[in-house]
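Here the structure is laid out as structure tokens; the discussion comes afterwards.
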There are 4 protein chains.
Amino acid sequence: MRDIHAEPPSGARSPLRSVGLSGIRKPLVVDRGDRAHTLAVTFRVSVDLPASRKGSDLSRDAEVLAEVVDATALRPVGSLESACSAIARELLARHPYAREADVEASAEYFVRRGVSPDRQSFEDYTLLARARAERGAGGGAVSVHRTVGAEAVGMTACPCAMETCREALAAEYPALRDPALAGLPMITHNQRNRTRVLVDLPDGHELEVDRLIRAIEEAQSSPTFAILKRGDEGRVVLDAHRRPKFVEDVVRDLLQSLPAHFPSLPDATAVDTSTVSEESIHKYNVEASHRTTFAELRRPPAP
Amino acid sequence: MRDIHAEPPSGARSPLRSVGLSGIRKPLVVDRGDRAHTLAVTFRVSVDLPASRKGSDLSRDAEVLAEVVDATALRPVGSLESACSAIARELLARHPYAREADVEASAEYFVRRGVSPDRQSFEDYTLLARARAERGAGGGAVSVHRTVGAEAVGMTACPCAMETCREALAAEYPALRDPALAGLPMITHNQRNRTRVLVDLPDGHELEVDRLIRAIEEAQSSPTFAILKRGDEGRVVLDAHRRPKFVEDVVRDLLQSLPAHFPSLPDATAVDTSTVSEESIHKYNVEASHRTTFAELRRPPAP
Amino acid sequence: MRDIHAEPPSGARSPLRSVGLSGIRKPLVVDRGDRAHTLAVTFRVSVDLPASRKGSDLSRDAEVLAEVVDATALRPVGSLESACSAIARELLARHPYAREADVEASAEYFVRRGVSPDRQSFEDYTLLARARAERGAGGGAVSVHRTVGAEAVGMTACPCAMETCREALAAEYPALRDPALAGLPMITHNQRNRTRVLVDLPDGHELEVDRLIRAIEEAQSSPTFAILKRGDEGRVVLDAHRRPKFVEDVVRDLLQSLPAHFPSLPDATAVDTSTVSEESIHKYNVEASHRTTFAELRRPPAP
Amino acid sequence: MRDIHAEPPSGARSPLRSVGLSGIRKPLVVDRGDRAHTLAVTFRVSVDLPASRKGSDLSRDAEVLAEVVDATALRPVGSLESACSAIARELLARHPYAREADVEASAEYFVRRGVSPDRQSFEDYTLLARARAERGAGGGAVSVHRTVGAEAVGMTACPCAMETCREALAAEYPALRDPALAGLPMITHNQRNRTRVLVDLPDGHELEVDRLIRAIEEAQSSPTFAILKRGDEGRVVLDAHRRPKFVEDVVRDLLQSLPAHFPSLPDATAVDTSTVSEESIHKYNVEASHRTTFAELRRPPAP
């Protein structure tokens, strides 16, 4: 059969940065210590293409995905990022003309959580991973750059509207100025907040993604829960109003907490954070993001 | 050319309830009195198909849409629902084998709104319309059933968590029991709320959709706005906390308000309402819906 | 603590058809014979509400979901619809003021498939289920109405454009009129097609959902596959062009095949089918749908 | 009133790359020569934030958007990117603490097109624009980097499956080897394709976006149309099968065509292209992308 892909391009010639598949869904079995999780993963995989070839052998991408995923049914992988890493290496092996392979994955992740031991339920989070394999110059060894991340939905309460309401209500209810009421949490707008963090893992280092999720939830005004009886609801609302946060605060507090959560990660570790609050008082969202390194985060603040 | 559509079905024969197009986008010019609005409309159009024909002449659906839409560039239509009505009639004319034609439309609608005259900005709403044309028995006249609707995003504040927080805070701050603080709005969770209402218009009746939007916003704890300076934010938060609402309250209050908003609509008018609160303390949504008639809504409450 | 939900409505009084949760995600373990599948399910659950109560006890909805889902980790359920059925019954038990409970579920479902034994891979489908529980009049027994469904993505090739192209090409290439070329499949537009079917299960009857998926794929021009080597691709394209189908054909052929696939289902069984072709030659979709009964489908065609 | 945003951060201090609004919708009036188009634009706007401030004055973002958008009702802007540019400059003016402002916009764009003069209809495209304003060092002048882009939905037909089918059919129909049938277009899979291109505009240069859309459509196997009568459908299918394209071909041919379409753009002009084919024979998509410069594109191919 004629191999059209291996022929030279019929028209314009140009190398291409990336050719691959997207939106391909696969069930991946991951061993998270406590239990095997079957993650329904959305993959995006690609390799580069030299100017001399008309097409990339895309059926190999689907084969590699199938093989790695199938193997996990019998032998679960340790993490989503290690699966991405194995896929990226294998893509380079099967596309001998490519110099780079890129794998991105996202998956829903259920964790049992609750406000108290008798209010446990599965809460859903998102796991994120990426692996980029590069062929060494002159036939050298393949190097793989891994990124691990997570997204959690929680709650933010606005510190600014809280102060505005405090002043407005104090004008209407002078009794609010009673010193015995100092520190009383005041009304404000609060809303669903989605925060994600992605850590570029240096070679030889790993990261516990459950801890990443905890770091996100601690940086929000409050985590949120599926099961809340009347008293629990009050406690979550109170907690959130005692920790009012702008999106700016969520990003800063999350970043600042990472070195303590992951003390063994080296200074060169890069981290990307972004947060979105689905404002209750607006029809649009409010966002903040930052990219920095563990070295920056470990630097003592200027006096 | 062979007309495959007009041939009998090659395999199984069955009449079909509905065959048509969906996800087709068109710019429709609507004259709203104040100004001509160009609505970017998503249409779904269909007709039924008798057992004797293999296919529906779908290119006629696209032609009818193009003609009606093109005509509005020169002569704007009065409303989205009147455009749907014209399209539904014309579909029946061009599909002589069909007995029914169905047209559904939704469009984003920008209205200048604001907390005060100097804080005006475009707020976005959704217009909804449907028209179903039926051929009369024995070649009788075509009758058209029209539905008009709207969706607005606003805010709800939870009345239950407010009372729970009031009790919890009163235990911690006994000074809150000061009678001078009676009626003080307390903290609770609040969130983005989407509410829609669809009214089946009886023959010969019209409905002002801006009034429908107002009715929705009055039924929520508060409307929301693009531009809110610090003081405005406080006022919107205060207003919402003074009108705490369950999703149940939003649906009931909206329904109850309709006869006063539209006194000329007859008792037989049917109405469908649904509301979704994107709960700030949960990762899931809370919903309520109801379908009733103006006759029911006008009935005095049981003692 | 004050129970706001149990109080009478503060404003308008009206019974409500439906109050509940939507967009809640849970991992449900289903035993499909071959193996236990962990389905990531999106649930929507609701009950009705009498005019006398201000609110529905929504935390009970989340509790019921958590309990049923948790139990499946140890003891998998037989099907998504039986889980829905159990949830609907339990909702009525925990909402004594409600007369009806409604549960809707959809879940991604991975099945190993392939063009040949050595090209197997997981293909993704959608499972659909619904259960509606009604309290009997006068405290009578609860009855549950179950619906089971599935959606599959496949391919359709247009029979009309095929004939138009045949005529156009025959004019350009008279050699095409060679009788030795009779039946040669000709070029046409082909595209992704999503088809779903929902069956209302009569009491005491079950339905194998894998068979429903097979029925859908047989009604499309061809199923589609993740792994296709060069020769396989040609065969799938050829198969699809030998079975060109309008959306009308997909719906009719699928419906017609159901009585043979499910001979034990009684005449009263109702079935809903819809199909969407994401047309390659248009920016919009083409759709068809029908609702009928097994009695109709078993009726011999009129002569 | 206390200005919480201007206070120093309560917790962690870190500069932030980006704080702003997303998902905000506005109707922008653009003068496209032929007529004024009202574009429904989705904006995302942000500025950076120094370590010394707790919050960004987000209400100013909404005010700037409202002012620019309102002004276009009376005096339409020339293009989406010039509106983005004006917004980015004004954001820097209103956020004196910021060094950069970023504005991203996307909007649906309707153009009358058709296979022939009497088959005209509105086809929908997407306009894309971005402007990034940077404050010069030492209080120097603000510089603005503009990006202009578009996305068009068209059709691709696979060249590889076409050859595989040619060989398979020739084996079955030896008469196909008749030299009089050389060049006969053969069956293959074809599908919806979305292609986008983004051009970084050097200072003092403009770009006609309608021409960008034409360049995209010429690089696909065929454009697609809302209105196609039977004969038209055949012609579009034939055209697409006479220009079969991999995603790789679409990207390369599009890039190669740009210097001829925009001869006055300088060598330093950077361009980003990506394309997605929603494969009819797979449930997933196939993608290709590349980033290069006009200098590279103008370089004569290596011999």
Side-chain angles (χ1 to χ4, degrees), chain B residues 1-6 21 23-29 35-43 55 57-70 72-73 107-115 118-126 153 192 225-234, chain D residues 1-6 21 23-29 35-43 55 57-70 72-73 107-115 118-126 153 192 225-234:
Chain B
M1 253 181 301
R2 195 174 142 198
D3 184 355
I4 305 269
H5 297 89
L21 318 180
I24 184 163
R25 300 275 299 170
K26 291 286 172 194
L28 188 85
V29 187
R35 61 184 186 97
H37 290 245
T38 302
L39 300 176
V41 187
T42 304
F43 283 105
D57 282 323
L58 294 174
S59 63
R60 297 184 189 176
D61 299 359
E63 283 179 311
V64 169
L65 279 170
E67 287 170 25
V68 170
V69 159
D70 280 7
T72 66
E108 196 177 16
Y109 177 54
F110 293 102
V111 184
R112 276 183 72 80
R113 294 285 312 274
V115 275
D118 57 329
R119 298 272 199 277
Q120 299 291 303
S121 167
F122 285 105
E123 299 288 330
D124 49 308
Y125 302 92
T126 305
V153 172
R192 224 177 255 176
F225 300 97
I227 302 183
L228 293 175
K229 302 303 287 183
R230 251 201 308 289
D232 309 325
E233 241 188 57
Chain D
M1 251 183 300
R2 195 173 142 198
D3 184 355
I4 305 269
H5 296 89
L21 316 181
I24 184 163
R25 302 274 300 168
K26 291 286 173 192
L28 188 84
V29 187
R35 61 182 184 99
H37 289 245
T38 302
L39 301 176
V41 188
T42 303
F43 284 105
D57 281 323
L58 294 173
S59 65
R60 297 185 188 174
D61 299 358
E63 282 178 312
V64 169
L65 279 169
E67 288 170 25
V68 170
V69 159
D70 280 7
T72 66
E108 195 177 16
Y109 177 54
F110 292 102
V111 183
R112 275 184 72 81
R113 294 285 311 274
V115 275
D118 58 328
R119 298 275 198 276
Q120 300 290 304
S121 168
F122 285 105
E123 299 287 330
D124 49 309
Y125 301 91
T126 305
V153 172
R192 225 178 255 178
F225 301 96
I227 302 183
L228 294 175
K229 302 303 288 182
R230 250 200 310 286
D232 309 324
E233 240 187 58

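Keep in mind that what you see is a predicted model, and the values were worked out from it rather than measured. In what follows, every chain begins at residue 1, and chains take the letters A, B, ... in the order their sequences are listed.
Taking D/Thr38, D/Ile24, D/Asp70 one by one and counting their heavy-atom pairs under 4.5 Å with chain B, the maximum is reached by D/Asp70. For the set B/Glu233, B/Glu108, B/Gln120, B/His37, the entry with the most heavy-atom pairs within less than 4.5 Å of chain D is B/Glu108. Ranked by heavy-atom pairs under 4.5 Å with chain D, the list B/Ala226, B/Pro27, B/Ser59, B/Ala62 is led by B/Pro27.
In plain terms, the two heavy atoms of B/Ala36 and B/Val29 that are nearest each other are CB-CG1, 4.0 Å.
Contact check for D/Arg119 versus D/Arg113: no side-chain heavy atoms found under the 4.5 Å cut-off. Side-chain atoms of D/Asp3 and B/Arg230, non-hydrogen and from C-beta on, do get closer than 4.5 Å to each other. Using a 4.5 Å cut-off on side-chain heavy atoms (C-beta onward), D/Phe43 and D/Lys26 make contact.
For B/Asp232, no part lies near chain D; criterion is any non-hydrogen pair under 4.5 Å. When heavy atoms are compared at a cutoff of 4.5 Å, B/Phe110 approaches chain D solely by way of its side chain, counted from C-beta outward. If you measure heavy-atom distances from B/Arg112 to chain D, the contacts under 4.5 Å come from the side chain alone.
Remark: D/Glu123 CD to D/Ile227 CD1 distance equals 8.5 Å, nearest 0.5 Å.
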